[in-house]
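Since the structure is predicted, the reported quantities are computational estimates derived from the model, not experimental observations.
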Protein chains: 2
Amino acid sequence: MRAENRCVYVSGMDRKRADLIADELEGLILEGTYKDGARLDEVQLAERFEVSRTPVREALQRLSQSGLVEQIPRRGVFVRQPGPVELLEMFEVMAELEAASARLAASRISDQALSDLHVANSRCDEAVAAQDADGYYLENERFHAILYRQSGNGFLEQECLRLYRRLQPFRRMQLRARGRLPQSMAEHKAIVTALEKGDGEAAAVAIRGHVAVQGEKFHHLMASLKHAAE
Amino acid sequence: MRAENRCVYVSGMDRKRADLIADELEGLILEGTYKDGARLDEVQLAERFEVSRTPVREALQRLSQSGLVEQIPRRGVFVRQPGPVELLEMFEVMAELEAASARLAASRISDQALSDLHVANSRCDEAVAAQDADGYYLENERFHAILYRQSGNGFLEQECLRLYRRLQPFRRMQLRARGRLPQSMAEHKAIVTALEKGDGEAAAVAIRGHVAVQGEKFHHLMASLKHAAE
DNA sequence: GTCAAATTTTTTGTATACAAGATGGAAATT
DNA sequence: AATTTCCATCTTGTATACAAAAAATTTGAC
């Protein structure tokens, strides 16, 4: 047999049922179908997905690890949406991780990546002009993903992506505030400028302010949380 | 302002077998009993722990999530020790997370905590004088744990603790270098001084230098890795 | 009628049974 | 002899069966 048959990270491979269920449940929780505190019944889910309890349990354990649900031994698993305090904490950590990314990237970033950042920003601009929220989110994500990558630290990149995904639904809420999009764009440009100058500290400060929840953003987040909770 | 009172590891709660197996396996991997790349056979482990495959599988999935093993679908799970590059990356992230903790703590830390830091440092000093490595590690951990807590950000605290635990065995290697302990102590004191002055940036810089792997520390880490690999 | 103890029911955790994919080697073909 | 194909075996993934712990309900005493 050929040694080159090393299946390294083929993401699209046929995954097991448990994986699919985990993804599906994650979506349902993040999208709010299962409210905070709701119990996730194993047998119900098994029936719903037309599988046995085994893959359902596996999926639930995965969600438990990633923090979306809480598993109380011999009691069951419950949806655990972060409250206002925890959300602020998570955004604060996100800000710090991104600041670290930016600081490291300032001295490591490639010209190609800088140009990619400009492209992503231009597309963001277009999306803002076209009132295309989805397009904006997509290019915004690309912008941040490039930054993580350019930190030159693969582990940091993964951690950033993990938290970014976790906060995605709340970021969406947050940006809905009128007038935030142009300001957000200006911040993006300031970040790129700092990176072009190779000024890590400036880039870190800029992105920290970009991500952190403060001032008006705080009130908007609280308002949207209230709205989502009912 | 106390955080939500959620069930954080009630000591006496009898945990399920899968949890105990996960802890046991984690220890075995970190301590090096299972080398990098080794396959963890479900039935073997089941026999070894005298349980069925079910709790073993649950434990393995947990380890897979925390990154200690890699699970290749329909192939098995394999021990995945971080290589030199990944280790450096992890230490870099640890340094940034701790720097963030320190920066935030500078404006939020309580007098009580400052005094606790002094106590931990004194005990570290004593341990160094007595050549008591274990004592040093214990008090060092306490020192850092206090810092995380004083960041005032529970999420950040948890993330720091998670990475700290993951890096524990390598930190141990690293500190074995002759002369590192006194220097490490001096760094601790500089951190406390910065915190007392409320100078977040200084504290961040100090702890970043304290945690990062650079200069001599780099060579020691590489040497100990080589030694551990054979 | 209220409260409490006991029993029933439900649900989680574990064991075992079964199915499908992967591994390795032998047989067959070139 | 080398390579390919096929088959036996082993391992993982899923289903089902069973055990134990919690929740719910009934029963009984006051």
Side-chain angles (χ1 to χ4, degrees), chain A residues 1-26 29 34-35 37-80, chain B residues 6-7 9-26 29 34-35 37-80:
Chain A
M1 272 293 163
R2 305 282 164 72
E4 65 190 271
N5 234 349
R6 295 206 140 165
C7 171
V8 181
Y9 235 145
V10 179
S11 60
M13 283 299 265
D14 60 333
R15 312 188 305 147
K16 41 185 188 177
R17 259 161 275 204
D19 294 347
L20 302 173
I21 293 171
D23 286 353
E24 183 75 14
L25 278 178
E26 183 177 312
I29 292 172
Y34 290 106
K35 305 281 186 211
R39 199 168 78 84
L40 295 179
D41 190 83
E42 293 179 1
V43 300
Q44 262 181 265
L45 292 172
E47 284 170 12
R48 170 164 186 171
F49 290 108
E50 295 179 310
V51 295
S52 78
R53 278 176 53 216
T54 312
V56 171
R57 278 178 64 81
E58 191 174 323
L60 288 178
Q61 287 166 220
R62 275 259 274 291
L63 297 183
S64 167
Q65 288 259 315
S66 64
L68 267 76
V69 303
E70 183 173 14
Q71 187 168 29
I72 301 177
R74 301 188 182 283
R75 285 281 175 83
V77 321
F78 302 83
V79 175
R80 183 157 141 28
Chain B
R6 67 176 53 95
C7 177
Y9 268 144
V10 177
S11 59
M13 184 147 58
D14 62 332
R15 313 189 305 148
K16 43 185 188 178
R17 258 162 275 202
D19 294 348
L20 302 173
I21 292 171
D23 287 352
E24 182 76 13
L25 277 178
E26 181 177 313
I29 292 171
Y34 289 107
K35 305 284 186 204
R39 198 169 78 85
L40 295 179
D41 189 85
E42 291 180 3
V43 299
Q44 271 186 341
L45 292 172
E47 285 170 12
R48 169 163 185 172
F49 290 108
E50 295 178 309
V51 295
S52 79
R53 277 176 54 215
T54 311
V56 171
R57 276 179 65 83
E58 192 174 324
L60 288 178
Q61 287 166 216
R62 275 257 280 288
L63 296 183
S64 167
Q65 289 260 316
S66 64
L68 266 75
V69 304
E70 184 173 12
Q71 189 168 28
I72 302 177
R74 301 189 183 282
R75 287 278 175 80
V77 320
F78 303 84
V79 176
R80 185 159 137 33

Pairs: protein N or O with nucleotides 23-25 of chain D N or O, under 3.5 Å:
{"unit_1": "D/dA23", "atom_1": "OP1", "unit_2": "A/R75", "atom_2": "NE", "d": "2.7"}

Problem - Whole-Å distance separating the CG atom of B/L45 from the C1' atom of C/dA15 - result: 17 Å
Completion exercise
Separation of C/dT12 atom P from A/F78 atom CZ, nearest Å, is 8 Å
Practice task
Quickly work out the B/I72 CD1 to D/dT11 P distance and round it to whole Å.
Solution key: 16 Å
Handout entry: Rounded distance (Å) that lies between atom P of D/dT11 and atom CD of B/Q44
Key = 8 Å
Exercise for the section: Specify the residues of residues 46-60 of chain B, ordered by number, for which at least one heavy atom lies under 4.0 angstrom from an atom of DNA chain C. Expected result: B/V51, B/S52, B/R53, B/T54, B/P55
Handout entry: From OG (A/S64) to CD (B/Q61), nearest 0.5 Å
Key = 11.5 Å
Handout entry: Interatomic distance, B/R17 CZ vs D/dC18 P [rounded to whole Å]
Key = 18 Å
Completion exercise
Whole-Å distance, A/E42 CD to C/dG13 C1', equals 9 Å
Practice task
Decide side chain to side chain contact (heavy atoms under 4.5 Å, CB included) for A/L20 and A/F49; before the verdict, give the C-alpha distance in whole Å, the side-chain angles of both, and the deciding distance to 0.1 Å.
Solution key: CA-CA 10 Å; A/L20 302 173; A/F49 290 108; over 6 Å; no
Practice task
Would you please confirm or rule out a distance under 4.0 Å between OP1 or OP2 of C/dT12 and any side-chain N or O of A/R39?
Solution key: yes
Handout entry: Value rounded to 0.5 Å, distance of CD1 in A/I29 from CG in A/L40
Key = 5.5 Å
Problem - Reported CZ-to-CD distance for the pair A/R48 and A/E24, which is rounded to 0.5 angstrom - result: 7.0 Å
Exercise for the section: Please round to the nearest 0.5 Å and tell me the distance separating atom NZ of B/K16 and atom CD1 of B/I21. Expected result: 11.0 Å
Practice task
Please state how far atom CZ in A/R74 lies from atom P in C/dT12, giving the value in whole angstrom units.
Solution key: 12 Å
Completion exercise
Residues B/E42 and B/V56: closest non-hydrogen pair is O-CG1, 3.9 Å
Problem - Intermediate values then yes/no, side chain to side chain contact (heavy atoms under 4.5 Å, CB included), B/Q71 and B/L60 - result: CA-CA 8 Å; B/Q71 189 168 28; B/L60 288 178; 5.6 Å; no
Handout entry: Distance, rounded to the nearest Å, where A/D41 contributes CG and C/dG13 contributes C1'
Key = 15 Å
Practice task
Begin from the C-alpha positions of B/E58 and B/R17 and carry the test salt bridge (charged side-chain N to carboxylate O under 4.0 Å, His left out) through to its verdict.
Solution key: CA-CA 10 Å; B/E58 192 174 324; B/R17 258 162 275 202; over 6 Å; no
Problem - Closest approach of B/R62 to B/D19 (non-hydrogen atoms, all atoms of both residues) - result: NH1-OD1, 3.0 Å
